[in-house]
Amino acid sequence: MTADRVLGLLDLLTGVDVWVDGGWGVDALVGEQTREHGDLDLGVARTELATVLEVLASAGYVVSDDRFADVTVQLTHTEGHRVDLHPSTPLPGGGTEQIDFDGETFYLPPPSAGRIGGREVRCMPLSSQLRTHSGYELRDKDHHDVELLHGLERAAD
């Protein structure tokens, strides 16, 4: 998944309540691409999920895994790249509530500003990125992302 493709998908979703999370979300917080990405993770307001699915379908994506639709919906493009959607419920006063694989809910603050390809994008905030990069066996790319997140955390202190 290239930065240009990410920005193109965000352009298609202009006006829809989505934000970048996962590896691209980490890179957005850092302000530059730091590694290769096999997919794009997007947070999406649950109320906008059907719209996002429709827009992505028009761009050649099909749902390839929706077994855990309350937590994540995976879409695959005919060329093989993926978008993983992470629906959450908007809360009064800002932020959203997301469900994890154990059925527990947790609060996500409103999206932060980040940069992909030099362009400002909405992305998952640092505190939420740190939370979502825990509780499972980290892969090499996750260790890379966590190291970057801790660097951002130290810089903010």
Side-chain angles (χ1 to χ4, degrees), residues 1-91 95-106 108-126 128-129 131-133 135-142 144-146 148-149:
M1 179 69 67
T2 65
D4 286 341
R5 186 176 307 277
V6 169
L7 294 173
L9 290 170
L10 292 175
D11 286 344
L12 290 174
L13 294 166
T14 297
V16 180
D17 193 5
V18 297
W19 54 94
V20 181
D21 64 16
W24 272 113
V26 172
D27 280 356
L29 288 170
V30 171
E32 64 183 2
Q33 185 174 352
T34 65
R35 66 173 177 84
E36 297 288 317
H37 298 277
D39 66 358
L40 169 63
D41 292 281
L42 289 175
V44 56
R46 196 171 305 281
T47 54
E48 302 268 21
L49 183 58
T51 299
V52 172
L53 291 170
E54 184 178 308
V55 168
L56 293 177
S58 73
Y61 289 85
V62 296
V63 174
S64 50
D65 190 349
D66 64 355
R67 293 173 294 155
F68 307 101
D70 284 342
V71 180
T72 185
V73 177
Q74 184 180 93
L75 297 98
T76 304
H77 192 272
T78 54
E79 295 173 3
H81 45 85
R82 290 189 339 268
V83 175
D84 295 338
L85 302 176
H86 304 281
S88 58
T89 304
L91 297 173
T96 62
E97 186 174 72
Q98 195 167 42
I99 301 171
D100 66 20
F101 284 104
D102 295 324
E104 301 295 319
T105 59
F106 60 95
L108 294 174
S112 297
R115 298 192 83 68
I116 295 176
R119 190 170 106 194
E120 188 170 300
V121 298
R122 297 174 68 215
C123 61
M124 181 182 276
L126 175 60
S128 298
Q129 280 283 7
R131 186 206 182 284
T132 60
H133 279 85
Y136 63 95
E137 188 170 331
L138 299 177
R139 302 160 291 183
D140 287 344
K141 66 181 181 177
D142 300 316
H144 168 86
D145 291 349
V146 168
L148 291 171
L149 292 168

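- Across D21 and G43, no two heavy atoms sit closer than the pair OD2-N, 3.7 Å.
- Under the side chain to side chain contact (heavy atoms under 4.5 Å, CB included) criterion, A3 pairs with W24, Q33, I116, sequence neighbours left out.
- Panel note: side chain D102, backbone E104; no donor-acceptor pair is recorded below 3.5 Å.
- Atom CZ of R46 sits about 5.5 Å away from atom CG of D70, to the nearest 0.5 Å.
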**OP:** Apply side-chain contact (heavy atoms from CB on, under 4.5 Å) to V83 and L9, showing your working.
**Re:** CA-CA 10 Å; V83 175; L9 290 170; 3.9 Å; yes
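- A donor-acceptor contact shorter than 3.5 Å links the side chain of T72 to the backbone of L85.
- Here the closest non-hydrogen pair linking L29 and M124 is CD1-O, 3.5 Å.
- Interatomic distance, L75 CG to D39 CG, rounded to the nearest 0.5 Å: 11.0 Å.
- Between R139 atom CZ and H144 atom NE2 the span is 13.0 Å, to the nearest 0.5 Å.
- Between the side chain of D65 and the backbone N or O of R67 there is at least one donor-acceptor pair closer than 3.5 Å.
- Taking the side chain to side chain donor-acceptor pair (under 3.5 Å) definition, one finds that Q129 meets it with H133, sequence neighbours left out.
- Note that CZ of R122 is 10.0 Å distant from CG of L10, once rounded to the nearest 0.5 Å.
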**OP:** Could you please spell out the steps behind the side-chain contact (heavy atoms from CB on, under 4.5 Å) verdict for E79 and R5?
**Re:** CA-CA 12 Å; E79 295 173 3; R5 186 176 307 277; 3.4 Å; yes
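- In this structure, G23 and D145 approach most closely via the heavy-atom pair CA-OD2, 3.7 Å.
- Between V16 and V18 there is a side-chain heavy-atom pair separated by less than 4.5 Å.
- Legend: residues meeting side chain to side chain donor-acceptor pair (under 3.5 Å) with H77, ordered by chain and number and at least two apart, are absent.
- To the nearest 0.5 Å, atom SG of residue C123 and atom CG of residue D41 are 12.5 Å apart.
- Evaluation of the salt bridge (charged side-chain N to carboxylate O under 4.0 Å, His left out) test over residues 7-16, restricted to residues two or more places apart or in two chains, returns D11-R119.
- Residue V71 comes nearest to P87 through the heavy atom pair O-CD, 3.5 Å, listed as atom of the first residue, atom of the second, then distance.
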Original post:
Can you list the steps and then say if T132 with D100 is a side-chain contact (heavy atoms from CB on, under 4.5 Å)?
Top reply: CA-CA 9 Å; T132 60; D100 66 20; over 6 Å; no
**OP:** Evaluate the criterion side-chain contact (heavy atoms from CB on, under 4.5 Å) for residue pair T89 and T96; output intermediate values, then yes/no.
**Re:** CA-CA 5 Å; T89 304; T96 62; 5.8 Å; no
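- One N or O on the side chain of R115 and one on the backbone of G118 form a donor-acceptor pair closer than 3.5 Å.
- Here the shortest heavy-atom pairing between P125 and P109 reads CG-O, 3.8 Å.
- Rounding to the nearest 0.5 angstrom, the gap separating the CD atom in E36 from the NZ atom in K141 is 11.5 Å.
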Without placing hydrogens or testing angles, list every side-chain donor-acceptor pair under 3.5 Å for residues 52-64, not counting sequence neighbours.
residue	atom	partner	partner atom	Å
S58	OG	V55	O	2.6
Y61	OH	H81	ND1	2.9
S64	OG	Q74	O	3.3
S64	OG	Q74	OE1	3.4
S64	OG	T76	OG1	2.7

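- The main-chain N or O of T34 is found under 3.5 Å from a side-chain atom of D27 such that the two form a donor-acceptor pair.
- Applying the side chain to side chain donor-acceptor pair (under 3.5 Å) rule to D66 yields no partners; only residues at least two apart in sequence or on another chain are considered.
- A45 and P90 make their closest contact through CB-CG, 3.8 Å (heavy atoms, listed as atom of the first residue, atom of the second, distance).
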